[in-house]
Amino acid sequence: MNLSEVRTRYAPSPTGDPHVGNIRTAIFAWAMARANNGKFLLRLEDTDQARLVPSSVDAIYESLRWLGIDWDEGPDIGGPHGPYVQSQRLEMYQAAASNLMAKGAAYRCFCTAERLDAMRAAQAAAKQAPGYDGRCRAIPAAESAARARSEPFTVRFRMKTAGQTVLHDIIRGDVAFENALQDDFVALKSDGFPTYHLALIIDDTDMRISHAIRGEEWISSAPKHLQVYEALGLQPTAFAHLPLIVGPDRKKLSKRSGDTALLDYARGGYLPDAMLNFLVLLGWSLDDKTTIISREQLLQHFSLERVVPNPALFDLEKLHYLNGQYIRDIPEADWLDLVATWADRTLPPTVARPLDRALLARAAPLLKERIPTLAAIGPALQFFFGDSAPAYPRELLWEKTGGGPETAKAVLAEAIAALDGIGAASWHADEVQTAIRGLEGPLGSKLRKFVSALYVAIEGSPTGLPLFDSIAILGRERTLARLQAALALV
RNA sequence: GGCGCGUUCGUCUAGUGGCCUAGGACGCCGCCCUUUCAAGGCGGAGAUCAGGGGUUCGACUCCCCUACGCGCUACCA
């Protein structure tokens, strides 16, 4: 074992689907390990039996895999320091708690939840700082042991009452906490499960973690952790408290504040690489001008020194931009597959399956530069399917032509006449284009002026995929039928 | 209330005493390209570096105070 090896971990508690803030922490920890030729591990912190959501374990794996984050040790693949699930390590925590008690660094607390609640209520009423009052701090060992045989109890850690505990944070520098202000926390619950504060130390030590990388919300409890390390005679890990990701309300992003589950973005048609790039930019930068950062660059250049301390706002606009960039970067062959699977996924069930692969292949290139997310593929393609164009109000036919119904009528009639002259064998985008451009003369109007009527007749909307290609793909019969239908509508 | 963290264009950020009349990106605006919509190209507006004191020849950068925001304050993580 190389003592200086960088070993980081992502240790989520399976209490819900991982949200983006949480995953960003995973990304940084992973990147830190990879950038230093270290190891990245996954550990499940399932010590809160009440809040456990079994399905979230799968969501955790799925989230990580979707983003392409790999781990070297974990619950599913094992490793030399397992098990990697806290509920399977209970004896270790209990042993540590006993050890702490033997050293006088912890004690049994027999206070009931009711008494604790009442105590806090009283403190609040008296405008005092809330905190454990130390009632069980001085119970003699013999009495404590005796009561333990018949009463439920927790094990509280005895915090120092004087001096300071100083955290050396990689991102924030030294942070000092007054010991007198800290109160004794529960390390082992009455159900025999440890709290995070105890489990963290045991596991990080046992798993040889070098850097504890976590959200800023943990910084206040750092003195607890530092003191436990000291009481146990253990060398603490290095600490890096990442800035929070906040929502539009500037408050910590959480399950409550909107759709923040990472997998919602996977389902919403975002590319994992785009999401990774976006998340990485929240709190970290490669240099002074790089926005598009590849996975390789990240894994090679990531460093905690370039993480900023201030909270970042989750900005969908930038995500959209990045997603577009990555979409345009997809090789043609892969793009067709993506279009096929997302068309199938996002086209309404009324469209017959299997989808026409040849049609998809012709439409795919048209899509690439104009959709913000993969989920937009179905809606953009929908007009290709079915006998008629998607329903639209008749006013749309002339709204953007600058004229009225007569204008639309003329455009449609001329277009029908011109396109009708193209035989089925030469029904290609070029011929279609020539025919429609040829309308400028008879109509006495510029193409860009009257073309919206045709977009509406064919696609059901004045904006959409390029008209000439769309008409070519749609085919002669259906095109003419749609133009006729539009003419009848006017 | 207490403790802690934070504060550079609307947003994400660059910046570690002189390179800053503060750079990049998103968004916004305009022009170009153009069959619509996009994409792309070019350009523009946008930050008295939260405010106030210091230190220094010189501060966005160092120190202090204030304000504001957020986090924590559970037998949750």
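Each chain gets a letter, A, B and so on, in the order its sequence line appears, and its residues count up from 1.
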> Taking the six-membered ring of A:Phe153, is the NZ or CZ of A:Arg108 close enough (under 6.0 Å from the centre) and on axis enough (within 45°)?
Replying inline: yes
>> Can you measure A:Ile171 atom CD1 to B:G71 atom C1' for me and round it to whole angstrom units?
In response: 15 Å
> Does a side-chain N or O from A:Arg448 land closer than 4.0 Å to OP1 or OP2 of B:U34, or not?
Replying inline: no
>> Quiz question: by atom type and distance under 3.5 Å, do the side chains of A:Ser452 and A:Glu399 form a donor-acceptor pair?
In response: no
>> At 4.0 Å (heavy atoms only), tell me whether A:Gly283 reaches a base, stays on the sugar-phosphate, or touches nothing.
In response: sugar-phosphate
>> Between P on B:U35 and CG on A:Asp430, what's the gap in Å once rounded to a whole number?
In response: 14 Å
> Should the heavy atoms of other residues, nucleotides or ligands under 6.0 Å from CZ of A:Arg135 be counted, would the total exceed 12?
Replying inline: no
> Taking only residues two or more places apart in sequence or in another chain, which ones pass salt bridge (Lys or Arg N to Asp or Glu O under 4.0 Å) with A:Arg394?
Replying inline: none
> Can the positive tip of A:Arg24 be found less than 6.0 Å from the middle of the six-membered ring of A:Phe28, inside 45° of the ring normal?
Replying inline: yes
> If we take the P atom in both B:G23 and B:C9, what is their distance in whole Å?
Replying inline: 13 Å
> Among all residues two or more places apart in sequence or in another chain, which pass the side-chain contact (heavy atoms from CB on, under 4.5 Å) test with A:Ala95?
Replying inline: none
> Say you pick atom P in B:C26 and the same atom in B:G40; how far apart are they, in whole Å?
Replying inline: 9 Å
> Hey, does A:Ala129 reach any base, or is it just sugar-phosphate, or nothing, if we go heavy atoms under 4.0 Å?
Replying inline: base
> Between A:Ser285 and A:Ile371, which has a closest nucleotide on RNA chain B that is more 5'?
Replying inline: A:Ser285
>> Applying side-chain contact (heavy atoms from CB on, under 4.5 Å), can you list everything that pairs with A:Ala435, at least two apart in sequence or on another chain?
In response: A:Ala418, A:Leu419, A:Ile422
>> Rounding to an integer number of angstrom, what distance separates B:U16 and B:A59 when you compare their C1' atoms?
In response: 12 Å
N/O-N/O pairs, protein side and nucleotides 43-46 of chain B side, under 3.5 Å:
none

>> Could you tell me if the side chain of A:Tyr196 sits less than 4.5 Å from the side chain of A:Glu45, heavy atoms only?
In response: yes
>> Please give the distance between the C1' atoms of B:C19 and B:U61 as a whole number of Å.
In response: 14 Å
> Of all residues at least two apart in sequence or in a different chain, which pass the side-chain contact (heavy atoms from CB on, under 4.5 Å) check with A:Ser221?
Replying inline: A:His197, A:Trp218, A:Lys224, A:His225
> How close or far is atom P of B:C12 from atom CZ of A:Arg306, stated in whole angstroms?
Replying inline: 17 Å
> To the nearest angstrom, how far is A:Ile27 atom CD1 from B:C12 atom C1'?
Replying inline: 15 Å
> B:C29 and B:A45: how far apart are their P atoms, nearest whole angstrom?
Replying inline: 16 Å
> Whole Å only: how far is the CD atom of A:Glu216 from the P atom of B:C70?
Replying inline: 13 Å
> So A:Arg214 and A:Leu242, side chain to side chain contact (heavy atoms under 4.5 Å, CB included) or not? Walk me through it.
Replying inline: CA-CA 6 Å; A:Arg214 50 174 20 173; A:Leu242 268 25; over 6 Å; no
> How does each nucleotide of nucleotides 26-32 of chain B score, in 5' to 3' order, for protein heavy atoms under 4.0 Å: base (B), sugar-phosphate only (S), or none (-)?
Replying inline: SS-----
> Is A:Asn310 near enough to B:U13 that one of its side-chain N or O atoms lies under 4.0 angstrom from OP1 or OP2?
Replying inline: yes
Within the sub-3.5 Å range, which N or O atoms of nucleotides 73-77 of chain B have a protein N or O partner, and how far apart are they?
from: B:C75; atom 1: OP1; to: A:Arg120; atom 2: NH2; distance (Å): 3.3
from: B:C75; atom 1: O2; to: A:Ser190; atom 2: N; distance (Å): 2.8
from: B:C75; atom 1: O2; to: A:Ser190; atom 2: OG; distance (Å): 2.8
from: B:C75; atom 1: N3; to: A:Ser190; atom 2: OG; distance (Å): 2.9
from: B:C75; atom 1: N4; to: A:Cys111; atom 2: O; distance (Å): 3.3
from: B:C76; atom 1: OP2; to: A:Lys189; atom 2: NZ; distance (Å): 3.2
from: B:C76; atom 1: O2'; to: A:Asp48; atom 2: OD2; distance (Å): 2.6
from: B:C76; atom 1: O2'; to: A:Arg51; atom 2: NE; distance (Å): 3.2
from: B:C76; atom 1: O2'; to: A:Arg51; atom 2: NH2; distance (Å): 2.9
from: B:C76; atom 1: O2; to: A:Arg51; atom 2: NH1; distance (Å): 3.4
from: B:C76; atom 1: O2; to: A:Arg51; atom 2: NH2; distance (Å): 3.2
from: B:A77; atom 1: OP1; to: A:Thr47; atom 2: OG1; distance (Å): 2.8
from: B:A77; atom 1: OP1; to: A:Lys189; atom 2: NZ; distance (Å): 2.9
from: B:A77; atom 1: OP2; to: A:Tyr196; atom 2: N; distance (Å): 3.3
from: B:A77; atom 1: O3'; to: A:Glu45; atom 2: OE1; distance (Å): 3.2
from: B:A77; atom 1: O2'; to: A:Ser13; atom 2: OG; distance (Å): 2.9

> Base, sugar-phosphate, or nothing for A:Val308, non-hydrogen atoms under 4.0 angstrom?
Replying inline: sugar-phosphate
> Roughly how many Å is it from CG in A:Leu316 to P in B:A25, rounded to a whole number?
Replying inline: 21 Å
> So what does A:Arg115 touch, heavy atoms closer than 4.0 Å: a base, only the sugar-phosphate, or nothing?
Replying inline: nothing
>> Under the rule for side-chain contact (heavy atoms from CB on, under 4.5 Å), what residues qualify as partners of A:Met207, not counting sequence neighbours?
In response: A:Leu41, A:Arg43, A:His81, A:Tyr84, A:Arg89, A:Asp203, A:Ile209
> If we call it a pair only when both distances are under 3.5 Å in a Watson-Crick or G-U wobble match, what pairs with B:C57?
Replying inline: B:G18
> For A:Phe185 and A:Val228, what are the C-alpha separation, side-chain angles and deciding distance, and is it a side chain to side chain contact (heavy atoms under 4.5 Å, CB included)?
Replying inline: CA-CA 11 Å; A:Phe185 63 91; A:Val228 174; 3.6 Å; yes
>> If you only use heavy atoms from C-beta on, which nucleotide in B:A38, B:G71, B:G24 is closest to the side chain of A:Lys289?
In response: B:G24
> Side chain of A:Arg370, base of B:C37: donor and acceptor closer than 3.5 Å?
Replying inline: yes
> Sequence neighbours excluded, which residues qualify as ring pair (Phe, Tyr, Trp, His ring centres under 6.0 Å) partners of A:Tyr270?
Replying inline: A:Tyr265, A:His320
> Any side-chain N or O of A:Arg437 under 4.0 Å from OP1/OP2 of B:U34?
Replying inline: no
Review item, nucleotides 62-69 of chain B N/O atoms under 3.5 Å of protein N/O:
none

> What nucleic acid atoms does A:Pro466 come within less than 4.0 Å of, heavy atoms only: base, sugar-phosphate, or nothing?
Replying inline: base
>> Set out, in order, the CA-CA distance, both residues' side-chain angles and the distance that settles ring pair (Phe, Tyr, Trp, His ring centres under 6.0 Å) for A:Phe314 and A:Phe278, then state yes or no.
In response: CA-CA 9 Å; A:Phe314 189 81; A:Phe278 172 65; 5.2 Å; yes
>> If I pick the C1' atom on B:U73 and the same atom on B:U56, what distance separates them, to the nearest angstrom?
In response: 41 Å
>> Suppose the criterion is side-chain hydrogen bond (donor to acceptor under 3.5 Å, both in side chains): which pairs have a residue in residues 321-330 of chain A, not counting sequence neighbours?
In response: A:Asn277-A:Tyr326
> Who passes ring pair (Phe, Tyr, Trp, His ring centres under 6.0 Å) against A:His168, sequence neighbours left out?
Replying inline: none
>> Can you check the distance between B:A22 and B:A47, where both ends of the measurement are the P atom (answer in whole Å)?
In response: 11 Å
>> With rounding to the closest Å, how many angstrom separate the C1' atoms on B:C37 and B:G51?
In response: 47 Å
> Would one find a side-chain N or O of A:Arg328 under 4.0 angstrom from OP1 or OP2 of B:G40?
Replying inline: yes
> Which part of the nucleic acid does A:Leu447 contact within heavy-atom distance under 4.0 Å: base, sugar-phosphate only, or nothing?
Replying inline: sugar-phosphate
